[in-house]
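I have placed the structure first, in the form of structure tokens, so that the comments after it can refer back to it.
We name chains A, B, ... by the order of the sequence lines, and we start the count at 1 in each one.
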Number of protein chains: 2
Amino acid sequence: MPTVSSEELAAAAGVNSAKLRKDFSYLGSYGTRGVGYDVEYLVYQISRELGLTQDWPVVIVGIGNLGHALANYGGFASRGFRVAALLDADPNVVGSTAAGLPVRHMDELESIVESQHVSIGVITTPPGAAQQVCDRLVEAGVTSILNFAPTVLTVPDGVDVRKVDLSIELQILAFHEQRKAGEEPDRTESVLDRAPGPVRAAAAKLRRAAGGNGKGRGTAEAVAKDQAEQGKGKPAKGGDGDLSAVMPA
Amino acid sequence: MPTVSSEELAAAAGVNSAKLRKDFSYLGSYGTRGVGYDVEYLVYQISRELGLTQDWPVVIVGIGNLGHALANYGGFASRGFRVAALLDADPNVVGSTAAGLPVRHMDELESIVESQHVSIGVITTPPGAAQQVCDRLVEAGVTSILNFAPTVLTVPDGVDVRKVDLSIELQILAFHEQRKAGEEPDRTESVLDRAPGPVRAAAAKLRRAAGGNGKGRGTAEAVAKDQAEQGKGKPAKGGDGDLSAVMPA
DNA sequence: TAGATTGTTAATCGATTAACAATC
DNA sequence: TAGATTGTTAATCGATTAACAATC
């Protein structure tokens, strides 16, 4: 189809057509009244605004399983990302190939970034090496970093960092899964929408029973008791009152 | 510190303290007026609400580089996820080990899901196999699926699917990178906030020049012309007027 | 010209936050 | 009791959407 109306696009996207038109208007006036939007032209304008029409050389540092997986990821090339180099510190890995590219030694980082004008770096190293690699990337001129290592990176102003935590999505699924299991009957509203009356009452009672001094002792007991009390409402499978075994690291 | 106030927590998180208190209130009344929140108790209550205190067995299907990387990912175990099994269809992969676990054949999928009460499946197969794997997981009883394959999955009602696109974050970085390069001078507002007057005018002119019939022809020319005209404003590096070379797949 | 559809204004809705009574 | 801080109400702010003049 050569043209499309805001109404059609909005229906396809599941949003309000006024919102869609307003959003498009931030990019400019690319529609034609009485006609709609020229599809090819609109796609191009949006792509350009998002930076998809540019070529973005990237370096991937740390060629373990994840580095390998990313080097092979088809979605990169189709979105304008070009792997300028794969880098690793391990002499056993350097020289091997991944996704048809040779793995080069970290020593070449600076020369590659400079000669190929790399502004985006991807870090897939072990957590301990991430900050050091980050520092070298930034020093060499990289101004955007995608961090897959479970490390919080410190960077100077002007450098963007995005951190990918592969378990976040899994946590979101688990959250919904828990709710599915929780209560089959009335499913419409969220746990977070209803006032958790019984839980609240129990918690208040427990805190009072625990002494109410808020000084932190007696809490483990309160938790254990709390788990016992709400046993039927929300069966906390595997819960044994030992907090440390259950908390995120 | 045994207790913390909403003011302290809000400052640490960079949000408003009233919002923080209101959000917490959806979980119940876990604070104490005049004192604050008992840290240990609060952490436990939030963890429980998010499902972090439960044990979640998961299966990973497709043990390529990404499957390997996920199996080894330390963040899973610490958040209550336990890899119940690694599965692959390739006889050359079956029998090998990843993250200390044996890779088992797809044939065992159903029995593993049932015997271990697996409700969450992770798909790291090639795109062509993803839907088929998804169908088998759902049929076996899995009700939440995390999909890393670049395939849109169809599932029955009651099954949750989340799709992870590893290049999305890279695209966000590229978007900001483009803006950094765009205009050093006034940096405060977003490209999307200012009215793109010149671009708009040029586009209108071009559409008129292209015939204004909206029938889709003449657009490629219009784009080429548009690129030429805005040459100095936003140097579209690597742009050569060939749309197909530049569009997302 | 009549019909269609954009781009934008004004009205509505929902989310954030200031303020404060409750209470530790 | 006086001071501190929660939980919640009411006011404010911003985002969404209905409506419509502009115009193809």
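A straight line from CG of B:D23 to C1' of D:dT6 spans 15 Å, rounded to a whole angstrom. Between the CD atom of B:E7 and the P atom of C:dA19 there is a distance of 13 Å, given to the nearest Å. Rounding to whole angstrom units, NZ of residue A:K19 and C1' of C:dG7 are separated by 16 Å. In this structure, the OH atom of A:Y30 is 11 Å from the P atom of C:dG7, given to the nearest Å. Regarding A:L27, its CG atom lies at a distance of 13 Å from the C1' atom of C:dG7, rounded to whole Å. Here the C1' atom of nucleotide D:dT8 and the CG atom of B:N16 are 14 Å apart, to the nearest Å.
Stem analysis of DNA chain C (at least three stacked-register Watson-Crick or G-U pairs, each with both distances under 3.5 Å) gives C:3-24 with D:3-24.
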What nitrogen or oxygen pairs link the protein and nucleotides 2-5 of chain D at under 3.5 Å?
from: D:dT5; atom 1: O4'; to: B:G34; atom 2: N; distance (Å): 3.0
from: D:dT5; atom 1: O2; to: B:G34; atom 2: N; distance (Å): 3.2

Just the table, please: protein N/O against nucleotides 9-12 of chain D N/O, every pair under 3.5 Å.
none

Item to check | Evaluation steps, ring pair (Phe, Tyr, Trp, His ring centres under 6.0 Å), between A:Y41 and A:Y44 | outcome: CA-CA 5 Å; A:Y41 188 68; A:Y44 169 72; 7.1 Å; no
Next on the checklist: Assess the residue pair B:L70 and B:T124 against the criterion (side-chain contact (heavy atoms from CB on, under 4.5 Å)); give the C-alpha distance rounded to whole Å, side-chain angles, the decisive distance to 0.1 Å, and a yes or no.
Outcome noted: CA-CA 9 Å; B:L70 290 176; B:T124 47; 3.6 Å; yes
Checklist entry - Should B:E177 and A:T143 be marked as a side chain to side chain donor-acceptor pair (under 3.5 Å) after you check the CA-CA gap, both sets of side-chain angles, and the distance that decides it? => result CA-CA 8 Å; B:E177 195 63 33; A:T143 48; 2.5 Å; yes
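A:R48 and A:T53 form no side-chain donor-acceptor contact under 3.5 Å, judged by distance and modelled atom types alone.
The closest donor-acceptor contact from the side chain of B:S5 to the backbone of B:E8 lies under 3.5 Å. A distance-only check finds no donor-acceptor pair linking the side chain of A:K180 to the backbone of A:F175 [under 3.5 Å]. A distance-only check finds a donor-acceptor pair linking the side chain of A:Q131 to the backbone of A:T154 [under 3.5 Å]. Between the side chain of A:W56 and the backbone N or O of A:S119, no donor-acceptor pair lies under 3.5 Å.
Salt bridge B:D160/A:R179: absent, no basic N to carboxylate O contact under 4.0 Å.
Proximity of the aromatic rings of A:Y37 and A:F24 is defined here by a centroid distance below 6.0 angstrom, and this criterion is met.
To the nearest 0.5 angstrom, A:I46 atom CD1 is 10.0 Å from A:L52 atom CG.
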